[in-house]
Amino acid sequence: MQKFILFLAFLIPLGMLAQTKVTGVVTEQSTGTPLLGVNVVIKGTATGTTTDFDGKYQINVTNGQTIMFTYVGYKTQEVLYSGQANVNIALEEDASKLDEVVVVGYGSAVKKDVTGAVESVTSDDFNGGAIVSPEQLISGKTAGVQVTPPSGAPGSGSAIRIRGGVSSLSASSSPLIVVDGVPLDQGNSGLNYINANDIESFTVLKDASAASIYGSRATGGVILITTKTGKSGQFNVNVNHYTSVGNNVNEVDVLSSTEFRDLVLANGNANQIAQLGNTSTDWQDQIYRGSLTSDTNVTVSGGFGNSNYRASVGFVTQEGTLRNSRVDRWTGSVKFIQRLLDDDLKIEANVLGALLDDTFGNTGAIGAAVSFDPTQSVFDPNSPFGGYTENVNNDGTINTIAVRNPVGLIELNNNTADTRRSTGSLKIDYTLPFFRDVKLTAKGGYDYFEVDGNLVIPAAAASNFNDEGLFGTYSTLNRSRLLDVYANYKKDIESIKSTVDVTVGHSFQSFYRSNRFLNFTGLDQVTGNIFKTENALESYFGRLNFAYDNKYLLTFNLRNDSSSRLNPDDRSDFFGGISLGWNIIDENFMKDSKVFSQLKLRAGYGETGQQEFGQDYGYIPRYTTGDGQVRYQFGYNSDGTPRFVTTLRPEEYDENLRWERSKTINIGLDFGFFNDRLTGSVEVYERKVEDLINFIPVPAGTNLSNALFTNVGNLENRGLEINLNATIVENDKFSWNTNFNVSFFENKITKLFLTDDPTSPGSLTGGIAGGVGNTIQINSVGFEANSFYVFKQIYDAQGAPIEGAYVDINADGVIDINDRYRYKSPNPDAVLGFTSNMQYGNFDFGFTMRASLGNFAYNNVASNTGNVQALFGANSINNVNSSILDTGFRNQQLFSDYYVQDASFLKLDNLTIGYNFDNIFKDVRMRLYATGQNLFVITDYDGLDPEISGGIDNNFYPRSRNILMGINLNL
């Protein structure tokens, strides 16, 4: 035995001596550029290294072993070692893998191994144009994601909805947005602080099995935004500039001065006729203008040694078409990555920030412009109201309830604000040297938002004339802080042809929100409010990815969230999801297929939550301090004056307030044909939301208010999504790629009250202009959310609506609220997107179109003002909607289904043409391009714009048509 041990001791150093140190350089095949960070591993062992900045490596290897070279986006190469002193490798790009790696929650995954409904849109596919709020980059680009463009107000953000967007009734239906791993405060998740040029990709987690890693905030879906990173060995300076001009496409259809005069003469009394002026003024033309936008961005990026960096600065000035509306925005970003300890330690720091200087045009002028008397001039030299013509009483005093001069509202109103917004994070990854399959990650992050603004209305302004002017000051401060700690274990177990990938971690995020406003009138009256609140979310999460033979895939997500916003008994709960995938294309019976190049079947189930609603502590008794207008006299002061004490008002509460909970089933099929010339996916899903956080009326005396937030109601969503990508032509001179996606939606309320009441019509919602407290929508069991609740209009033989004539739905001989019925909804039945990109030589051409089918809108502008009653309201004469010429209505018919109109549309969102100049001097490249936005809309809708969030059209800030010219320089 002793001899045997000595023999082994002798062999060990011989084996060590048999190893040889091999060196080499790894380059990119097409360019010869050295590649940093290529994994060089002795196959079947734990021995490995990575290439340095110059692509060099060295490794100990024994004769007969295989050296394996792997790098993301390139084909793996293997070399059998047989005594060579140097092994140089040129890696070939693998086009099929370049886009495979996608970001998921707390990590990344290869697209082929993803089992949930995950879609990624990269910078190569973004929309062009004058884009200040970056969510517009992906509008129309992927199935199941609706991006409703912002109004025409400069710097305004879009509404984002995933899979129909009806995931709640009173809580938020917006997705959770995560920027470089930092979840934004859902109460303030606007993206206009991010420069669109800094974004690398949007990844959308659409189904619950994928989104459940974010637990209680994921019912509306999750959008992961990844910003750009500098590339090693590629120092680059990029300058991009464009200038855009815009004009309104349409205006509200009101009576001309001639039509208005004729109508007043035909219907007015002597006093009303005497108010007619002798001019002709198009008030909408007076308040709108052509707009100008200018955007300049400079970026420096690259890498050296074990470091990567990218820094950018941008400045945009954007005018709105409403006069006196404008935003100036400075943005900056820095991202730095440092690798240490032979790449075992990776430190990544990034900061995004913006300074915004807003001048807000008075949007009250939009409604005033469609109602103010078109026979009056803009100015009156004898007017005490800043020289503007105004509606006055017979004694010359201001008519306080009449419409104000639209131009006066704009010019005698100075509303400005300074906004500071920033997000950032510091992330540390450490691979354990003694257990290389484990990586530890710690991340600290923040989201900071602060606004300070002032409102000044001079004493001469008619809007505040009796108050002798107004000075207002307001501020907002929102901030959140994040700390994530998690570990990842990934192991290829060759003996059982399996891969195990496990992530476990802890997250804590705190939120602070405050608001303050104070208004001072010229009469020394002060009103205002100060509000502060904070909450926190503590979470434990985990994910298991398991793959067998690269064909059979399993993903399991689990998260436990504890929220201070909910009652202690229900504030902690588990959310999770499981999904399965089958890579059919890798089966033996498919390997020789000349038709299919991809084929994967996916199925998943997940549960997510919702806690984003209007209160932080709706489960505990709360008291609100009254202001100066709400005080009670309690005795007298020492000087004999009355002593007033500020009151405390008790607020409503529900001590059992808990999570909304969503349960989703998803089935998907990914496919590719003819070497991926045609790729796509088909998804079907069903989502059931239970314990809706709903703001509902409660019986008098049962609480401290007549309405409160409570958990009541259930909702169902179903849908079908189809996404197709086609490479129609691809050769050295010409390429043509297209994308088509379509999504079908269906939603239904299945429960609304704690106790089912078949006699109840439902819960009214959707406030409208016209009267006091009127609503036009309803939530009812068995119907779509926010269905329009209207009377069924009766028409004459010529097809004109008969005033006040409605169908007696219940046949009781009386027309009352019981005869209103649920008619259509603002929710579309289907949305479509189509993108086409062509390149011929150095020319490129592309466009994106969107369509929405089956969505309806309530034209509140017409219903409120399209009648004779509105012509003579408020002791003044007012212009009215031109629909009066078709209806002849004398009084408001607010609840007629005549005003619920088909708002389906087809829009050409953007069209871009460009030309690339290669190497104009040395290595400088230049691209010139022109883009048109909002070029045309095809619709039957009579209002200003068919795309109205919420479906109620009431004096909407119009979206402009923009034409821009730009230049992009790579130095």
Side-chain angles (χ1 to χ4, degrees), residues 146 159-177 183-190 208 211-212 214-223 478 480 509 511 513 533 535-537 559 561-567 570-571 573 575 606-620 651-664 687-698 705 707-717 747-754 762-767 777-779 784-786 826-827 949-951:
Q146 294 169 259
I160 310 174
R161 295 293 183 266
I162 296 177
R163 293 193 158 176
V166 187
S167 58
S168 187
L169 293 181
S170 297
S172 173
S173 289
S174 298
L176 173 69
I177 297 177
L184 301 187
D185 184 347
Q186 287 182 278
N188 181 53
S189 56
S212 59
Y214 289 100
S216 65
R217 296 176 286 180
T219 290
V222 180
I223 294 179
N478 291 0
S480 71
Q509 192 167 11
F511 303 89
R513 302 168 183 169
T533 185
N535 67 80
L537 186 69
R559 185 177 181 114
D561 277 340
S562 298
S563 172
S564 65
R565 306 183 78 177
L566 308 175
N567 82 83
D570 295 304
R571 66 173 40 157
D573 208 347
F575 303 89
E607 297 188 7
T608 54
Q610 169 67 273
Q611 60 149 342
E612 192 61 39
F613 60 105
Q615 297 174 347
D616 274 346
Y617 299 96
Y619 68 91
I620 59 176
E651 301 288 357
E652 74 282 355
Y653 70 98
D654 178 3
E655 61 183 1
N656 296 313
L657 195 63
R658 57 190 183 279
W659 312 99
E660 267 187 14
R661 196 171 196 91
S662 171
K663 302 176 180 180
T664 303
R687 175 171 58 193
K688 295 183 178 181
V689 188
E690 301 173 350
D691 291 334
L692 289 167
I693 297 176
N694 208 347
F695 190 73
I696 63 169
V698 293
S705 175
L708 82 163
F709 282 103
T710 188
N711 294 93
V712 57
N714 299 334
L715 182 68
E716 291 184 0
N717 293 273
N747 79 85
K748 181 173 66 174
I749 298 171
T750 56
K751 184 178 177 62
L752 196 59
F753 301 109
L754 293 174
S763 178
L764 295 172
T765 187
Q777 293 172 322
I778 193 169
N779 290 320
E784 284 193 70
N786 302 317
N827 310 307
S949 182

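What you see is a predicted model; the values in this text were computed from it and never measured.
The closest side-chain heavy-atom distance from Ile693 to Ser170 is not below 4.5 Å. Between Ser763 and Thr765, every side-chain heavy-atom pair lies at or beyond the 4.5 Å cut-off. Contact of the Ile162 side chain with the Ile223 side chain is registered, since non-hydrogen atoms from C-beta on lie closer than 4.5 Å. Between Leu176 and Gln186 there is a side-chain heavy-atom pair separated by less than 4.5 Å. Looking only at side-chain heavy atoms (C-beta outward), Asn535 and Tyr617 come within less than 4.5 Å of each other.
Every residue meeting the salt bridge (charged side-chain N to carboxylate O under 4.0 Å, His left out) condition with Arg559, not counting sequence neighbours, appears here in chain and number order: Asp561. In this structure Glu651 satisfies the side-chain contact (heavy atoms from CB on, under 4.5 Å) test together with Arg622, Thr624, Arg649, sequence neighbours excluded. For Lys663, the salt bridge (charged side-chain N to carboxylate O under 4.0 Å, His left out) partners two or more places apart in sequence, or in a different chain, are Glu690. Contacts of Lys748 classified as salt bridge (charged side-chain N to carboxylate O under 4.0 Å, His left out), with partners at least two apart in sequence or in another chain: none. Qualifying ring-ring contact (aromatic ring centres under 6.0 Å, His included) partners for Phe511, counting only residues two or more places apart in sequence or in other chains: none.
Expressed to the nearest 0.5 Å, how far CZ of Arg571 lies from OG of Ser563 amounts to 7.5 Å. Between the OG1 atom of Thr664 and the CD atom of Glu607 there is a distance of 9.0 Å, given to the nearest 0.5 Å. For the atom pair Leu764 CG and Gln777 CD, the distance stands at 10.5 Å (nearest 0.5 Å). Atom CD in Gln611 sits 10.5 Å away from atom CG in Leu657 (nearest 0.5 Å). Between the CG atom in Leu708 and the CG atom in Asn694 there is a gap of 10.0 Å [rounded to 0.5 Å]. Rounded to the nearest 0.5 Å, atoms OG1 (Thr710) and CG (Asn656) are 8.0 Å apart.
Taking every heavy atom of both residues into account, Ser949 and Ala159 meet most closely at OG-CB, 4.3 Å. Nearest heavy atoms, Pro183 versus Ser480: O-OG, 4.5 Å.
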Checklist entry - Going through the checks in order, is the side chain to side chain contact (heavy atoms under 4.5 Å, CB included) test met by Lys688 and Thr750? => result CA-CA 9 Å; Lys688 295 183 178 181; Thr750 56; over 6 Å; no
Item to check | Test log, rule side chain to side chain contact (heavy atoms under 4.5 Å, CB included), inputs Val166 and Asn786 | outcome: CA-CA 10 Å; Val166 187; Asn786 302 317; 5.8 Å; no
Next on the checklist: Leu692 vs Ile749, test: side chain to side chain contact (heavy atoms under 4.5 Å, CB included). Steps then yes/no.
Outcome noted: CA-CA 10 Å; Leu692 289 167; Ile749 298 171; 5.7 Å; no
Item to check | Full working for side chain to side chain contact (heavy atoms under 4.5 Å, CB included) between Val689 and Leu169 | outcome: CA-CA 10 Å; Val689 188; Leu169 293 181; over 6 Å; no
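Using modelled atom types, no side-chain atom of Glu660 and backbone atom of Ser168 make a donor-acceptor pair closer than 3.5 Å. Side-chain N or O atoms of Arg163 include none that pairs as donor or acceptor with a backbone N or O of Gly221 at under 3.5 Å. No donor-acceptor pair closer than 3.5 Å links the side chain of Ser662 to the backbone N or O of Thr608.
For residues 610-620, the pairs satisfying salt bridge (charged side-chain N to carboxylate O under 4.0 Å, His left out) are Arg513-Glu612, Arg565-Glu612, Arg565-Asp616, with sequence neighbours left out.
Salt bridge annotation for Asp573-Arg658: absent, with no cationic side-chain nitrogen under 4.0 angstrom from a carboxylate oxygen.
The cationic group of Arg661 lies under 6.0 Å from the six-membered ring centre of Phe575 and within 45° of the ring axis, placing it in a cation-pi geometry.
No option in Ile160, Asp185, Val222 other than Ile160 meets the side chain to side chain contact (heavy atoms under 4.5 Å, CB included) test with Ile177. For the side chain to side chain contact (heavy atoms under 4.5 Å, CB included) criterion with Glu784, the lone passing option out of Leu715, Asn827, Asn779 is Asn827.
Using a 3.5 Å distance cut-off with no hydrogens or angles, the side chains of Ser167 and Gln610 do not pair a donor with an acceptor.
Atom CZ of Phe709 has more than 12 neighbouring heavy atoms from other residues, nucleotides or ligands inside a 6.0 Å radius.
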